[in-house]
Number of protein chains: 2
Amino acid sequence: MTLPHPTTEQISLPLVLSVLGDPTRLAIVAHLARCEGGKGRMSCSRFLALGSKTNLSYHLAKLREAGITRTEAVGTQRFLTLRREDLDQRFPGLLDSVVAGAEFAGLPKLEETFEVA
Amino acid sequence: MTLPHPTTEQISLPLVLSVLGDPTRLAIVAHLARCEGGKGRMSCSRFLALGSKTNLSYHLAKLREAGITRTEAVGTQRFLTLRREDLDQRFPGLLDSVVAGAEFAGLPKLEETFEVA
DNA sequence: TCCTTAGTTCAAAAATTATTGAACAATTGA
DNA sequence: TCAATTGTTCAATAATTTTTGAACTAAGGA
């Protein structure tokens, strides 16, 4: 069961910007970038502090559809990773500046977590 | 008659991102950045190809309120400039990467124009 | 003064996005 | 097998954003 992701070339700048413009989604991206040097996989449930299960599912789908995150299904869980390399290739410097700015944006903060699996 | 602009510190990242996420507004910003090394002043009417007078007024107000552009009134005209220094200070690298990405985003293109006044 | 130009404001309508809860599916563990 | 966990989908609602046209303001020029 593979979820649909855009290819690197399909990633659209206006879409990326508007998807990142939502505080909940920006907090998710900032958290992914902060944890394990931005290479971490993280299950959706990590983000439950940011909203209901349903609403989170909606926001995470937006991130995936915009090409910002990759979602892999493992069992009943979904693991999220930042598509850092794809984004850096397509829009050099964008993710870094957004993540840096997000640290001071007063977004909902999530605890640092360590992903074992 | 001075229009309200946020101070540099008031510029909010999520707001900047969502305002730039609209293709019309992104085209305006890309055009401002392209002309005269991004230092150009440009009257609103330069952008009429992108929409009606009323609609443009709406989008330009969004850009101003987000702190992306500065609008000065001169007679009946409004001149727009990019707030490049403020944005660079607040979110280093963001504007450059957005403008670079916008060149390949298939946005509505405006003619290069030369502002005399 | 009267007209034109440049742009805003307002209210309504249209369109899009976000949020919710109920129902569902798939996996995992007891 | 049964129950719990993880998350999705659907339909409805709420909220926000975008677009439009009519009316308006404020200069500037004839």
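Excluded from the calculations below are hydrogen atoms, water molecules and symmetry mates; all remaining heavy atoms, backbone and side chain alike, are included. Since the structure is predicted, the reported quantities are computational estimates derived from the model, not experimental observations.
Summarising the geometry, the separation between CZ on B:R46 and P on C:dA6 is reported as 11 Å, rounded to the nearest angstrom. For the pair B:L60 CG and D:dT19 P, the computed distance is 12 Å after rounding to whole Å. Rounded to an integer number of Å, the gap from CG of B:N55 to C1' of C:dC10 is 15 Å. Rounded to whole angstrom, the span from the CE atom of A:M42 across to the P atom of D:dG7 amounts to 13 Å. Following rounding to the nearest Å, A:F79 (CZ) and D:dG7 (P) show an atom-to-atom distance of 8 Å.
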Original post:
Hey, mind stepping through A:V16 and A:R90 against side-chain contact (heavy atoms from CB on, under 4.5 Å) and telling me if it holds?
Top reply: CA-CA 11 Å; A:V16 165; A:R90 195 98 173 72; over 6 Å; no
**OP:** Step by step, work out the side-chain contact (heavy atoms from CB on, under 4.5 Å) result for B:L60 and B:T71.
**Re:** CA-CA 9 Å; B:L60 294 174; B:T71 306; 5.9 Å; no
Original post:
Taking it one step at a time, do A:S43 and A:S45 satisfy side-chain hydrogen bond (donor to acceptor under 3.5 Å, both in side chains)?
Top reply: CA-CA 5 Å; A:S43 87; A:S45 56; 2.7 Å; yes
**OP:** Mind running salt bridge (Lys or Arg N to Asp or Glu O under 4.0 Å) on A:D22 and A:K62 for me, showing each step along the way?
**Re:** CA-CA 10 Å; A:D22 176 273; A:K62 287 272 172 184; over 6 Å; no
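Listed by first and then second residue, the ring pair (Phe, Tyr, Trp, His ring centres under 6.0 Å) pairs involving residues 33-55 of chain B are B:H31-B:F47 (not counting sequence neighbours).
The side chain of B:S45 lies closest to C:dG7, out of D:dT18, C:dT17, C:dG7. In the set C:dT19, D:dT6, D:dT19, C:dT19 carries the atom at the smallest distance from any side-chain atom of A:Y58. For A:D22, the listed nucleotide lying nearest its side chain is C:dA18; candidates were D:dT8, D:dT18, C:dA18. Closest to the B:R78 side chain, of the nucleotides C:dG7, C:dA18, D:dT8, is C:dG7.
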Original post:
Reading nucleotides 22-28 of chain D 5' to 3', which nucleotides get B (base under 4.0 Å from a protein heavy atom), which S (sugar-phosphate only), which -?
Top reply: B---BBS
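Contact check, B:H59 against D:dT17: no side-chain N or O comes under 4.0 Å of OP1 or OP2.
Residues A:L110 and A:R46 come closest through the heavy atom pair CD2-O, 3.8 Å.
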